[in-house]
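For the single chain, residues carry numbers from 1 onward in sequence order. This is a predicted model, so every value here is computed, not measured.
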Amino acid sequence: MKFFKSTVFALMTVGATIGASQAQELRIGLSAEPTSADPQFFDSAPNSALAVHLFGSLVSADENRKLYPGLARSWKMLDDTTWEFKLQAKATFTNGKKLTPRDVVYSFCRIPFVQGSPGTFSDLVKTIVSIEAPDDETVIIKTDKPDPILPNRLISAFIINADATGGGKNIRFKKEGCEDFGANPNPGDFNNPAKSVGAGPYRLVEFTPGSQIVLERNDNYWGDAPHWKRVIMKPLTNAGSRVAGLIAGDVDIIEAPSVQDFERLKSAGFTIARALTPRLLYIQLDQNNDPTWKSPTVKGAKTNPMSDRRVRQAMSMAINRKAITERIMGGLAAPTGDLLPYPMFGSTKDFPPTAYDPEGAKKLLAEAGYPGGFQITLATPNDRYINADKVAQAVAQMWTRIGIKTDVDAMTAGTFFGRRNKFEFSAFIAGYGSTTGEMSEKLDALVLTRNPERETGTLNLSHYSNSTVDELVTQAKQTVDDKGREQLLQQATKTAMDDVALLPLYFEVRPWALRKGLTYSARSDEQTRAMSVTPGIAN
């Protein structure tokens with residue numbers, strides 16, 4: 001009996017130890033794998049989500065894109081082109097080095113020159129012309145023109161430690177290339193925990209592509225300590241595998257469970273968390289009105305029908321957005337006529353989607369000279385956005401019903417984006433998120449007249465151009481007064497949407513699934529952060 005009691009006590013002690021250990025470890029099933037631990041290598045959601053854990057930026061944002069202090073405890077404009085950032089006095093890197101202005105200068109110097117970057121962060125620092133440090137805790141940034149949303153962009157400008165990567169001792173910021181820059185580390189170097197030195201809440205322990213990423217709590221972190229001592233991120237790119245892993249107990253939280261599995265997960269005691277994201281799914285239509293216009297993806301028209309606003313409006317009216325979001329997206333989308341969800345900066349409350357009116361669409365087509373319609377191909381990636389290929393099929397059917405016979409060309413994202421950027425499509429579905437949470441970013445990329453020299457209209461692949469919209473956005477981007485800037489952006493958006501610059505469809509809703517006993521503050525930026533997962537009663 002004595003032996004039995006001792007054995008039971010021992011087992012209880014072991015069980016308690018195991019339970020405590022598990023409570024300190026969080027396992028995350030990722031839908032997309034980060035390509036590098038280098039925080040400046042690739043401007044993508046998976047890479048940035050990892051970087052937030054390991055590094056830090058001067059400015060942070062909460063789950064609704066509201067700014068709050070990061071490695072800078074405060075910031076303010078000294079004049080229209082000068083910003084002052086005060087660094088956190090207690091901020092240190094995982095190697096014990098104190099954060100200094102030199103680290104900020106080195107980081108911003110490297111951003112435009114990262115080796116082999118497939119998608120750079122260079123836009124974040126494109127307006128900066130000088131950075132000075134009057135003392136050890138102050139950074140003065142000058143821009144080439146008024147840049148009221150610089151703090152918004154700096155959310156993604158992660159700071160690396162100059163000493164750990166060989167930065168120059170007397171580095172000076174210059175737009176064309178910094179003086180005494182020092183070493184420019186290879187992105188692969190950051191996959192080595194010894195080189196991946198940041199000032200974030202976690203430190204890197206292991207980065208094994210295709211297998212797992214292991215983080216441990218940074219006990220010297222200057223901010224609030226995260227709950228989890230150890231975080232394991234597992235790439236599970238197949239939705240079925242993620243759900244199976246969650247049910248089996250291999251992971252505690254997963255990204256993007258399939259909507260078809262929601263009821264199964266809920267009935268098994270799992271929780272679904274959701275966030276409305278600024279990722280807009282939209283259709284761009286080629287609006288080239290050149291007399292020599294021709295396209296292999298449009299037939300039955302001697303000139304470009306979509307250069308006529310009435311045709312574009314008809315194509316928008318033919319789309320039943322409510323049916324698409326309810327039947328195809330299963331509620332993981334919100335119909336919209338705007339480019340950014342309210343109340344993000346520059347959005348408009350109750351901005352209505354184009355009303356579904358197929359009969360009215362037919363009348364507009366006839367007025368424009370196309371009573372018999374024409375034939376078109378709608379292109380879409382089939383592995384990038386939730387159910388995009390199914391949405392394309394639905395749109396094709398809706399357009400066909402008003403006389404625009406539509407075929408669908410679905411392909412992998414790699415193929416799609418390569419062909420899209422060569423202007424090979426007359427109509428395509430794509431998506432665009434937001435790093436700043438301000439309307440100027442969407443308008444700048446998708447709507448402004450394409451001008452590589454000015455870096456406007458970088459994703460405007462429809463030949464759309466409206467000088468009034470261009471002028472309004474240009475003025476807004478240089479308006480320091482928030483109220484005035486927001487009104488200009490709202491006016492520019494309304495003008496562009498009235499002109500049918502593109503066809504907004506819906507904003508994606510991002511889901512997560514968690515085991516019982518966990519809660520997650522779902523984020524509009526689609527990032528999965530261990531710091532936002534907490535034990536507690538599930539909602």
Side-chain angles (χ1 to χ4, degrees), residues 30-55 57 107-126 153-160 165 177 181 183-192 195-196 198 204 207-211 213 233 235 237 255-256 277-281 284 379-385 388 411-425 428-436 441-442 444-446 450 452 455-461 508 525-528:
L30 302 177
S31 60
E33 182 178 11
T35 55
S36 172
D38 184 343
Q40 301 174 341
F41 175 61
F42 185 21
D43 186 3
S44 71
N47 284 42
S48 293
L50 175 60
V52 166
H53 291 80
L54 302 174
F55 299 88
S57 50
S107 299
F108 287 8
C109 282
R110 180 176 181 259
I111 283 175
F113 301 105
V114 176
Q115 303 170 46
S117 172
T120 75
F121 288 91
S122 58
D123 277 359
L124 306 182
V125 297
K126 66 181 179 181
R153 288 204 306 278
L154 294 186
I155 293 168
S156 300
F158 298 103
I159 306 301
I160 58 180
T165 49
F181 176 66
N184 185 1
N186 187 292
D189 293 346
F190 286 84
N191 296 352
N192 177 355
K195 293 288 185 73
S196 192
L204 183 67
F207 189 105
T208 305
S211 178
I213 300 168
M233 300 178 176
T237 55
E255 300 175 333
T277 79
R279 183 177 297 284
L280 173 72
L281 265 289
Q284 276 195 0
T380 180
N382 58 14
D383 60 352
R384 178 65 182 88
Y385 311 109
M411 65 204 79
T412 63
T415 300
F416 171 83
F417 289 118
R419 292 182 60 190
R420 181 198 68 170
N421 294 347
K422 295 177 183 177
F423 296 90
E424 292 186 15
F425 306 132
F428 64 83
I429 291 179
Y432 188 69
S434 173
T435 56
T436 65
E441 179 185 13
K442 288 277 182 79
D444 207 346
L446 298 175
R450 188 176 175 86
E455 297 182 329
T456 61
T458 53
L459 294 178
N460 177 0
L461 300 168
E508 282 189 352
D525 59 14
E526 306 177 51
Q527 293 181 2
T528 303

Donor-acceptor contact present, side-chain [X] to main-chain [Y], <3.5 Å:
X      : Y      : answer
Tyr432 : Leu446 : no
Arg153 : Lys126 : no
Ser36  : Pro187 : yes
Ser57  : Ser156 : no
Ser196 : Asn192 : no
Gln115 : Asn184 : yes
Glu508 : Tyr385 : no

Residues in side chain to side chain contact (heavy atoms under 4.5 Å, CB included) contact with [X], at least two apart in sequence or another chain:
X      : value
Thr412 : Asn382, Asp383, Thr415
Thr456 : Asp444, Leu448, Asn451, Arg454
Ile155 : Val59, Ala61, Leu67
Asn421 : Leu461

Measure the [atom1]-[atom2] distance between [X] and [Y] for me, rounded to the nearest 0.5 Å.
X      : Y      : atom1 : atom2 : result
Phe190 : Thr165 : CZ    : OG1   : 5.5 Å
Gln527 : Leu50  : CD    : CG    : 10.0 Å
Arg419 : Met411 : CZ    : CE    : 4.5 Å
Met233 : Leu30  : CE    : CG    : 6.5 Å
Phe42  : Thr120 : CZ    : OG1   : 10.5 Å

Where do [X] and [Y] come nearest, in terms of heavy atoms and distance?
X      : Y      : result
Pro381 : Ala388 : O-CB, 3.7 Å
Ser107 : Phe158 : CB-O, 3.8 Å
Pro235 : Gly210 : CG-C, 3.9 Å
Ile111 : Ala157 : CD1-CB, 4.0 Å
Lys195 : Asp189 : CB-O, 3.2 Å
Asn460 : Arg450 : O-CD, 3.6 Å

Of all residues at least two apart in sequence or in a different chain, which pass the side-chain hydrogen bond (donor to acceptor under 3.5 Å, both in side chains) check with [X]?
X      : value
Asn186 : none
Glu441 : Ser434, Thr435, Thr436
Ser211 : none
Arg384 : none

Task: side chain to side chain contact (heavy atoms under 4.5 Å, CB included) assessment of Asn191 paired with Leu204 - done: CA-CA 8 Å; Asn191 296 352; Leu204 183 67; 5.5 Å; no
Ring pair (Phe, Tyr, Trp, His ring centres under 6.0 Å) involving [X] - partner list, sequence neighbours excluded:
X      : answer
Phe181 : Tyr106
Phe423 : His463
Phe55  : none

Task: Pairing residues for Glu255 by the salt bridge (Lys or Arg N to Asp or Glu O under 4.0 Å) criterion, not counting sequence neighbours - done: Arg510
Any non-hydrogen side-chain atom of [X] less than 4.5 Å from a side-chain atom of [Y]?
X      : Y      : answer
Ser48  : Phe121 : yes
Pro112 : Val125 : yes
Ile159 : Phe108 : yes
Asp38  : Arg110 : yes
Ser122 : Phe113 : no

- [ ] Apply side chain to side chain donor-acceptor pair (under 3.5 Å) to the pair Asn47 and Thr35, showing each step before the final yes or no.
- [x] CA-CA 7 Å; Asn47 284 42; Thr35 55; 2.9 Å; yes
- [ ] Take the angle between the ring planes of Phe416 and Phe425 and call it parallel below 30°, perpendicular above 60°, tilted in between.
- [x] parallel
